[in-house]
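Everything on this sheet refers to the single structure shown next.
Computed from a predicted model, the values in this text were never measured in an experiment. We name chains A, B, ... by the order of the sequence lines, and we start the count at 1 in each one.
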Number of protein chains: 2
Amino acid sequence: MEAAAALPNAIPLRNHVMPRPRAVLRDVSRAQPVCSTCQVREKCLSEGLDAATAKRVDELVATRIRLRKGDTLYRAGASFTSLYAIRSGSLKTLLLAEDGRDQVAGYHMSGEVLGLDGIGNNVHECQAIALEDTEVCPMPFDRIEQVARDHPTFQRNVHRYLSREIARQRALMLLLGTMRADQRLAAFLLDLSQRYQARGYSSSEFILRMTREEIGSYLGLKLETVSRLLSRLQQEGLIQVQGRVVKLLERGALKELVGQSA
Amino acid sequence: MEAAAALPNAIPLRNHVMPRPRAVLRDVSRAQPVCSTCQVREKCLSEGLDAATAKRVDELVATRIRLRKGDTLYRAGASFTSLYAIRSGSLKTLLLAEDGRDQVAGYHMSGEVLGLDGIGNNVHECQAIALEDTEVCPMPFDRIEQVARDHPTFQRNVHRYLSREIARQRALMLLLGTMRADQRLAAFLLDLSQRYQARGYSSSEFILRMTREEIGSYLGLKLETVSRLLSRLQQEGLIQVQGRVVKLLERGALKELVGQSA
DNA sequence: CGACTAGTTGAGGCCAGTCAATGTTGGTGG
DNA sequence: CCACCAACATTGACTGGCCTCAACTAGTCG
């Protein structure tokens with residue numbers, strides 16, 4: 001990962017604010033049907049749509065954005081116009097407080113939709129940064145709303161997606177509010193595992209796309225704690241770690257760890 | 001950021017789960033225009049609507065539910081049909097993990113809309129419990145969607161509301177993930193103060209509607225810690241506490257406390 | 001090779017949790 | 001009105017989990 005990605009807990013992050021203008025727009029308007037084959041459609045917004053509706057949703061996407069590792073998709077404060085479907089790769093979203101405190105708010109992988117937090121005030125509330133080379137499809141939100149008005153099923157999907165984001169964050173709150181450090185880490189690994197599996201990858205062995213510091217930021221821990229706990233879990237035989245490669249050896253024990261109240 | 005509610009952090013809460021079947025439905029279909037005078041309309045869903053649309057929104061509400069202190073509005077797992085606009089009083093929402101761990105997810109006062117988390121899976125993800133005698137107006141969600149299809153402004157308001165809920169939770173995550181105990185408590189008090197003010201009450205003196213334990217649960221702290229910190233803040237002259245009555249004496253100092261990074 | 005970033009591990013300190021005793025408040029019934 | 005009780009709250013002593021500071025290693029890049 002790149003300097004960028006790290007979470008200078010004090011003030012910095014200026015390397016993001018000084019943009020590396022690397023993001024590239026590609027015109028795909030005349031390309032073959034994009035969305036029809038895209039995971040995004042399968043997973044959420046286009047679930048259960050009839051052909052006509054699906055076609056209209058397809059038409060929402062006219063361009064594609066390529067991001068390189070460390071590139072920023074949008075910044076906090078940037079005006080909101082579109083949601084972004086992640087076509088490939090992954091990103092993190094970063095919460096910034098006025099005083100420089102920041103925190104990783106989430107890790108997002110292919111098939112997920114980014115930018116929901118911007119709807120409220122037409123301004124993005126957080127910053128989205130690519131963790132690796134990544135492609136996203138912008139979907140203008142006013143046009144999403146248009147389609148939603150004509151197609152109740154799609155409308156319902158949009159609402160569902162928003163609501164699930166709320167539920168996802170609640171789970172994270174519970175984690176931050178009630179779990180010990182080792183439980184948080186175990187929950188994090190299990191969550192990643194499950195999401196990789198849902199995408200057809202191995203659920204027992206995967207690569208962490210983020211640094212220890214970023215993991216810690218997300219979980220409300222310090223990087224040393226994350227490192228120590230990874231070592232400990234390995235020593236206890238629950239996982240195997242080799243740099244960013246993680247293997248879950250005892251999924252049951254991990255779940256039990258997360259589950260034990262207090 | 002939002003306030004909290006009660007949190008038996010271990011297992012209990014059985015007093016809630018054993019329902020006191022006190023909730024009362026009132027038919028208000030023939031009552032005078034309800035919503036037109038209600039804060040809810042002003043604040044969010046009905047903002048900026050023309051008369052015709054406003055009328056349709058009014059018609060969404062046919063009944064009113066009265067809750068007494070401790071009554072449950074809905075439980076986790078209950079099937080979702082409606083959102084609830086809080087007309088008077090206040091509630092807490094409670095997150096429940098399978099293992100009995102729980103946490104106050106939010107504290108909700110008049111003018112706010114409850115139940116958003118149910119949209120995703122048509123099932124409520126948390127439990128809502130009245131902190132005092134409270135009145136709410138159910139708004140059937142399928143009818144909300146209907147109106148949204150016909151009225152873009154209303155549609156936008158619905159989306160905005162959902163998105164703001166996401167932003168609200170993000171702020172809380174930042175709090176749980178990066179703040180010390182005293183900062184959390186100060187942030188909590190300031191948030192309450194600001195919300196009371198928005199409702200026309202005093203922003204410098206108000207009554208906590210929840211116990212120390214509930215505050216702690218919301219903030220990821222133990223009740224003893226909350227109590228100690230309230231005493232300390234009082235000793236330092238920042239606030240004045242007398243049971244559940246709180247007076248903010250040095251708002252600036254409180255803000256500074258919250259703001260100082262690390 | 002040196003410079004730099006990411007990661008690991010150790011020593012020590014502090015913040016918040018735990019356990020426990022005591023005080024306060026509010027509701028109920030004699 | 002007061003006695004009583006249960007729930008809520010305060011305070012102290014102690015503990016421990018996580019943070020801080022720091023040294024060291026491994027890998028990468030120019």
Exercise. How is Gly216(A) classified with respect to the nucleic acid when contacts are heavy atoms under 4.0 Å: base, sugar-phosphate, or nothing?
Worked result: nothing

Atom [atom1] of [X] and atom [atom2] of [N]: how far apart are they, to the nearest Å?
| X | N | atom1 | atom2 | answer |
| --- | --- | --- | --- | --- |
| Leu233(B) | dT11(D) | CG | P | 13 Å |
| Leu185(A) | dG17(D) | CG | P | 16 Å |
| Ile215(B) | dA9(D) | CD1 | C1' | 11 Å |
| Leu219(B) | dC15(C) | CG | P | 18 Å |
| Arg232(B) | dC14(C) | CZ | P | 14 Å |
| Glu214(A) | dA6(C) | CD | P | 9 Å |
| Gln234(B) | dA9(D) | CD | P | 15 Å |
| Arg228(A) | dA23(D) | CZ | C1' | 12 Å |

For this session: Determine, for Arg170(B) against Glu165(A), whether the closest basic-nitrogen to carboxylate-oxygen distance falls under 4.0 angstrom.
Result: yes

Exercise. How about Phe206(A) and Tyr201(A): are their ring centroids closer than 6.0 Å?
Worked result: no

Exercise. Within the modelled atom types, does a donor on one side and an acceptor on the other bring the side chain of Arg180(A) and the base of dG17(C) under 3.5 Å apart?
Worked result: no

Taking the side chain of [X] as heavy atoms from C-beta outward, which of [options] is closest to it?
| X | options | result |
| --- | --- | --- |
| Thr225(B) | dC18(D), dG10(C), dG17(C) | dG17(C) |
| Leu221(A) | dC19(D), dT10(D), dT25(C) | dC19(D) |
| Arg212(A) | dT10(D), dT8(C), dA11(C) | dT8(C) |
| Lys222(A) | dT20(D), dA9(D), dC18(D) | dT20(D) |
| Thr211(A) | dG7(C), dT20(D), dA9(D) | dG7(C) |
| Arg244(A) | dT10(D), dG7(C), dT20(D) | dG7(C) |

For this session: Please check the phosphate of dT9(C) (OP1 and OP2 only) for any side-chain N or O of Ser231(A) closer than 4.0 Å.
Result: yes

Exercise. Under 3.5 Å, is there a donor-acceptor pair between the Ser90(B) and Tyr107(B) side chains?
Worked result: yes

Exercise. Is the closest side-chain donor-acceptor distance between Thr93(A) and His108(A) under 3.5 Å?
Worked result: yes

For this session: Please state whether the rings of Tyr84(A) and Tyr74(A) are parallel, tilted or perpendicular, taking 30° and 60° as the class boundaries.
Result: parallel

Exercise. Taking for each residue the nucleotide of DNA chain D with the nearest heavy atom, is it Glu224(A) or Asp182(A) whose nucleotide lies nearer the 5' end?
Worked result: Asp182(A)

